[in-house]
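Every heavy atom of this structure was used, including side-chain atoms; hydrogens, water molecules and symmetry mates were not. What you are looking at is a predicted structure, and each value in this text was computed from that prediction instead of being measured.
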Amino acid sequence: MSAMDVMLHSSSFLLPLNPVDDTTGTRYALIVLNQSLPRFTPLLWEHAKLRLCADGGANRIYDELPLFFPHEDALAIRNRYKPDVIKGDMDSIRRDVLDFYVNLGTKVIDESQDQDTTDLDKCILYIRDSTLNQETSRLHILATGALGGRFDHEAGNLNVLYRYPDTRIVLLSDDCLIQLLPKSHRHEIHIQSSLEGPHCGLIPIGTPSAKTTTSGLKWDLTNTEMRFGGLISTSNLVKEEKITVESDSDLLWTISIKKTGLSIEDHTP
């Protein structure tokens, strides 16, 4: 295990955009799903080099983003936050919203013939095939609205993390984030303590873990077995600025996002 490559994780996308400080070469793509927008959506939008709405996610951008800027004209906000692509089975987007973004030049991809994959799947495949993915080896996909709502939708979104373990995907809601920690790597998670935590968890969905070892948590694990029906590490707390994780199984890492510390003013372009 000690010879494994280290995979670094940081929620720096929750920090105000500062290109001068961007020395990592990380590039972000944003997918907006059809659930309520997190309050920090405008910040994610500014970080992203490619912005997709998954079907009814376009309704959310159209309806909810202007509410974040009550002192600005709603039409101006809708023109400012124009998605690059709307993709999905197109059974949720309203006609008026579709027409609005088509007139702004948004690319629309109707995949209603494909009922075997989720709208999140469809958008991730588009990003993986995009020039953005070909230009950088440090592409991260941020997906809002992936958590909450119907549990079958939520389970489908979690399954997407396991379908594309070689793609860095973060699922986000107003309350928390979730990402996959593949067993092929040791993991270092750098905590943005002003914005996330302290509540966290490590969850072995899919297969049990015979041995998981961590550092930096209030209740660390030492070659600990985790499985559903037995022990899983929920309601844990981050204690250090850096968390390390090694496991013989793929794990989901989740951490709470604080209600304070993220303001619209910080990320108004």
Check whether [X] and [Y] end up in the same hydrophobic cluster, where Ile, Leu, Val, Met, Phe, Trp and Tyr are linked by side-chain heavy atoms less than 4.5 Å apart.
| X | Y | answer |
| --- | --- | --- |
| L8 | I189 | no |
| L75 | F68 | yes |
| L65 | L104 | yes |
| M7 | I178 | no |
| L120 | I109 | yes |

From [X] [atom1] over to [Y] [atom2], what is the distance, rounded to the nearest 0.5 angstrom?
| X | Y | atom1 | atom2 | result |
| --- | --- | --- | --- | --- |
| T167 | I127 | OG1 | CD1 | 9.5 Å |
| I61 | L37 | CD1 | CG | 5.0 Å |
| L195 | S12 | CG | OG | 10.5 Å |
| K183 | S249 | NZ | OG | 6.5 Å |
| I141 | C123 | CD1 | SG | 9.5 Å |
| I243 | I191 | CD1 | CD1 | 5.0 Å |

Could you walk me through whether T244 and S215 pass the side chain to side chain donor-acceptor pair (under 3.5 Å) test, one step at a time?
-> CA-CA 5 Å; T244 66; S215 69; 2.4 Å; yes

For [X] and [Y], work out which heavy atoms get closest and say how close.
| X | Y | value |
| --- | --- | --- |
| R94 | N59 | N-OD1, 3.1 Å |
| S11 | L177 | OG-CD2, 3.4 Å |
| L161 | L180 | O-CD2, 3.3 Å |
| D89 | D110 | O-OD1, 4.1 Å |
| L139 | R168 | O-CB, 3.7 Å |
| L43 | L14 | CD2-O, 3.1 Å |

Check the pair K239 / D220 against salt bridge (Lys or Arg N to Asp or Glu O under 4.0 Å), numbers first and verdict last.
-> CA-CA 10 Å; K239 190 176 67 173; D220 273 322; 5.2 Å; no

Are the charged groups of [X] and [Y] less than 4.0 angstrom apart, N to O?
| X | Y | value |
| --- | --- | --- |
| D84 | K107 | no |
| D166 | R128 | yes |
| R78 | D73 | no |
| E111 | K87 | yes |
| R39 | D174 | yes |
| R227 | E225 | yes |

Got a sec, which pairs hit ring-ring contact (aromatic ring centres under 6.0 Å, His included) with one end in residues 92-133, sequence neighbours left out?
->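 ring-ring contact (aromatic ring centres under 6.0 Å, His included) check on residues 92-133 returns Y62-F100.
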
For [Y], is there any backbone N or O sitting under 3.5 Å from a side-chain donor or acceptor partner on [X]?
| X | Y | value |
| --- | --- | --- |
| E64 | R60 | no |
| T214 | L221 | yes |
| K218 | N236 | no |
| D119 | D55 | no |
| N103 | D99 | yes |
| S256 | C176 | no |
| E154 | L147 | no |

Side chains of [X] and [Y], heavy atoms from C-beta outward: is any pair under 4.5 Å?
| X | Y | value |
| --- | --- | --- |
| D250 | L181 | no |
| Y162 | P182 | no |
| R186 | D5 | no |
| S193 | E241 | yes |
| T224 | K211 | no |
| F40 | L172 | yes |
| L171 | L158 | yes |
| S235 | H199 | no |

Do R80 and F69 meet the cation-pi criteria used here (NZ or CZ under 6.0 Å from the six-membered ring centre, within 45° of the axis)?
-> yes

Determine whether more than 12 heavy atoms belonging to other residues, nucleotides or ligands lie under 6.0 Å from atom NZ of K242.
-> no

Indicate, with yes or no, if the rings of H47 and F13 have centres closer together than 6.0 Å.
-> no

Taking the six-membered ring for Trp and the full ring for Phe, Tyr or His, determine whether the centres of H187 and H9 are under 6.0 Å apart.
-> yes

Residues S247, S209; criterion side chain to side chain donor-acceptor pair (under 3.5 Å); working and verdict = CA-CA 7 Å; S247 183; S209 167; 3.0 Å; yes

Any chance the side chains of T144 and T41 put a donor and an acceptor closer than 3.5 Å?
-> no

Assess whether side-chain contact (heavy atoms from CB on, under 4.5 Å) is satisfied between S112 and D91, documenting all intermediate values.
-> CA-CA 8 Å; S112 53; D91 63 349; over 6 Å; no

Show your working on side-chain contact (heavy atoms from CB on, under 4.5 Å) between Y28 and L30 and close with a plain yes or no.
-> CA-CA 7 Å; Y28 296 103; L30 175 65; over 6 Å; no

